[in-house]
*Asks:* 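This is the structure, below, for whatever I ask next.
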Number of protein chains: 2
Amino acid sequence: MARTTGSDGEKTQAAIREAAVGLIARLGFEAMSMRQLAAEVGVQPAALYRYFPTKEELLFSLMHAHMDGLIASWGEARPAEGSAQASPAGQLAAFVENHIRFHLARRHATHVSNLELRSLSDERLGHILRMRAEYEGALRAILQAGTSRGDFQVEDVALTAMAIIQMITGVIVWFRPEQRLSEDEVAATYHTMTMRLVGCADTVDRQALRGPHAGGQGDRTGGDPCIPDR
Amino acid sequence: MARTTGSDGEKTQAAIREAAVGLIARLGFEAMSMRQLAAEVGVQPAALYRYFPTKEELLFSLMHAHMDGLIASWGEARPAEGSAQASPAGQLAAFVENHIRFHLARRHATHVSNLELRSLSDERLGHILRMRAEYEGALRAILQAGTSRGDFQVEDVALTAMAIIQMITGVIVWFRPEQRLSEDEVAATYHTMTMRLVGCADTVDRQALRGPHAGGQGDRTGGDPCIPDR
DNA sequence: GAATTAATTGAACGTTCGTTTTATTAATTC
DNA sequence: GAATTAATAAAACGAACGTTCAATTAATTC
């Protein structure tokens, strides 16, 4: 036999990508064989090479698409300049929420992007790392802005950015959809933790810390920078 | 040839372990071949099988030793009961510091333990995960104690424990010994971030938040729970 | 409806893999 | 110093790997 009835290049490629993400997440890139992948898609091994010239190029393509999606997602989710959420605290909140939701919706792909960097050639690794740096740069910019304005208390912007990324990406390690916590609850909790991490306490914290006689920061006018206007 | 002059089982085993940790960290477990490992040790492939019956058992042994060391390290570093550092804040500080230092000193082994769980059989995976749960249980206990006493403000102990572990383990991803920050500085910064994360602000934060007229928490006697007595 | 293109099969290539077996030599024991 | 044990070498096993190539059929074009 050769070409099968109803076969379609685009559908096959999409099926390959999906199956590859799942298999690599479960077994690891090196442990997954092209034969296994072909079997999962329901196709002969040789057919894979119509869509991806090598196994490594397949991996790169998956990672690239993931990073592309992540950067695009933040581009759409980021508060518009001049909006009420455009403050550093508002931007940080949006960043964390977008990150959590994006990764929860793509647990397998995130695993692949995080664990399989070793299997890329230097050149392709550099490409992915540059995309990653671009994304993390957005977070650093937010932290820097908030720190300059005095809204955040961050000693080391780069280190804090790494710590936050690590913390909020870690959600995919333990979160299971069928568990006690909903996606909303998880996102909210991570938001709270992040705000505390950057020294931008929320209302509850502040009341508890200030006690009944609290006078606030005093040296800043306007509302609380950590609670954007609605 | 056969047995070589000066050959010694214990030394060879140690050399295999060390070389394996390095190779697996760099290439990944599946990507490392037993031939590569043997070459790195300076021995024939067959010689490896005198010390480890299979490749997987070698991996398991490395991970097991790592977790054993980590748990033992915490056992020695944990503040003695009744000591000044035995408060939840003191224990949390000790936990974070021990974790950071232990992992910084064993970056390769940590990489292996974190990234190669997929390559273990179900049974061996379960074994390692149980050790991990034991270690993380210590952190949860500290968070629980601090929250019950009111020293910490943690909404979800389990989630916060995961977040902290993720954050502080992440240090090995970016830290390079020759970089601008010393191990001490890194440990101190992570300590600060952790304390903020659990709502246990340090002196600087509190003063800034309270302002000049601060009255403290008021409802608690004794010193600040976040600053253990010396 | 013939010609062309897209999609896939089936078989094969050379290589490398984890592992085993047997033989050989160094160190240790008595 | 002979017997025994520990440590390794050398060679080989079958299986699986990523990949290629030629043949074949479905869909599309003209």
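Each chain gets a letter, A, B and so on, in the order the sequences are listed, and its residues count up from 1. Heavy atoms only: backbone and side chains are in, while hydrogens, waters and symmetry mates are out.
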*Asks:* Decide whether Ser121(A) and Glu56(A) meet the rule of one side-chain donor and one side-chain acceptor closer than 3.5 Å.
*Replies:*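 Their side chains do contain a donor-acceptor pair, which is all the 3.5 Å distance test asks for.
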*Asks:* Return the NE2 to CE distance between His66(B) and Met131(B), rounded to the nearest 0.5 Å.
*Replies:*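 Going from the NE2 atom of His66(B) to the CE atom of Met131(B) covers 10.0 Å.
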*Asks:* Figure out the CG/C1' separation between Leu37(B) and dT16(C), and round it to whole Å.
*Replies:*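 Leu37(B) atom CG is separated from dT16(C) atom C1' by 16 Å.
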*Asks:* Could you tell me how far apart Leu48(B) (CG) and dT20(C) (C1') are, to the nearest whole angstrom?
*Replies:*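 Spelled out: CG on Leu48(B) to C1' on dT20(C) is 13 Å.
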*Asks:* What I want to check is whether the side chains of Thr169(A) and His103(A) have a donor and an acceptor closer together than 3.5 Å.
*Replies:*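 No, because no side-chain N or O of Thr169(A) sits under 3.5 Å from a partner of the opposite role on His103(A).
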*Asks:* Which letters describe nucleotides 12-22 of chain D, given B = protein heavy atom under 4.0 Å from base, S = only from sugar-phosphate, - = neither?
*Replies:* B----BBBBB-
*Asks:* Do Arg17(B) and Ser61(B) pass the side chain to side chain donor-acceptor pair (under 3.5 Å) test, and can you show the C-alpha distance, the side-chain angles, and the key distance before you say yes or no?
*Replies:* CA-CA 9 Å; Arg17(B) 303 186 91 97; Ser61(B) 178; 2.4 Å; yes
*Asks:* For Watson-Crick and G-U wobble pairs within 3.5 Å on both distances, what is DNA chain C written in dot-bracket notation, | included for inter-strand pairing?
*Replies:* ||||||||||||||||||||||||||||||
*Asks:* So which nucleotide from dA7(C), dT9(C), dT8(D) ends up closest to the side chain of Tyr51(B)?
*Replies:*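 Among the listed nucleotides, the one closest to the side chain of Tyr51(B) is dT8(D).
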*Asks:* Between Glu134(B) and Arg130(B), is the closest basic N to carboxylate O distance under 4.0 Å?
*Replies:*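 Between Glu134(B) and Arg130(B) there is no salt bridge, as every charged N stays at least 4.0 Å from the carboxylate O atoms.
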*Asks:* Can you tell whether the side chains of Arg118(A) and Glu116(B) come within less than 4.0 Å, N to carboxylate O?
*Replies:*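 Yes, Arg118(A) and Glu116(B) are salt-bridged.
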*Asks:* Can we say Glu57(A) and Arg124(A) salt-bridge, meaning some charged N sits less than 4.0 Å from an Asp/Glu carboxylate O?
*Replies:*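 Judged by the 4.0 Å cut-off on N to carboxylate O distance, Glu57(A) and Arg124(A) do form a salt bridge.
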*Asks:* Would you say Arg140(B) and Gln144(B) are linked by a side-chain donor-acceptor pair, where the criterion is simply a distance under 3.5 Å?
*Replies:*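 Their side chains do not contain a donor-acceptor pair, so the 3.5 Å distance test is not met.
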*Asks:* Distance check needed: dA10(D) P versus Gln44(B) CD, whole Å only.
*Replies:*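 One finds 5 Å between P of dA10(D) and CD of Gln44(B), rounded.
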*Asks:* Are Trp74(B) and His99(B) packed together at the side-chain level, in the sense that at least one heavy-atom pair is separated by less than 4.5 angstrom?
*Replies:*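 Not touching, per the 4.5 Å side-chain cut-off.
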*Asks:* Rounding to a whole Å, what distance do you find between Lys11(A):NZ and dT8(C):P?
*Replies:*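 After rounding, the reported distance stands at 11 Å.
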*Asks:* Do any of residues 17-27 of chain B sit with a heavy atom less than 4.0 Å from DNA chain C, and if so which?
*Replies:*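 Residues of residues 17-27 of chain B under 4.0 Å from DNA chain C: none.
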*Asks:* Taking C-beta and beyond as the side chain, do Glu97(B) and Tyr190(B) meet within less than 4.5 Å on heavy atoms?
*Replies:*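 In short, these two side chains do not touch, never coming nearer than 4.5 Å.
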*Asks:* Would you say a side-chain N or O of Thr12(A) is under 4.0 Å from OP1 or OP2 of dT8(C)?
*Replies:*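 Answer yes for this pair, as a side-chain N or O of Thr12(A) is under 4.0 Å from OP1 or OP2.
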*Asks:* Going by atom types alone, do Arg101(B) and Ser73(B) pair a side-chain donor with an acceptor below 3.5 Å?
*Replies:*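 No donor-acceptor contact under 3.5 Å links the two side chains.
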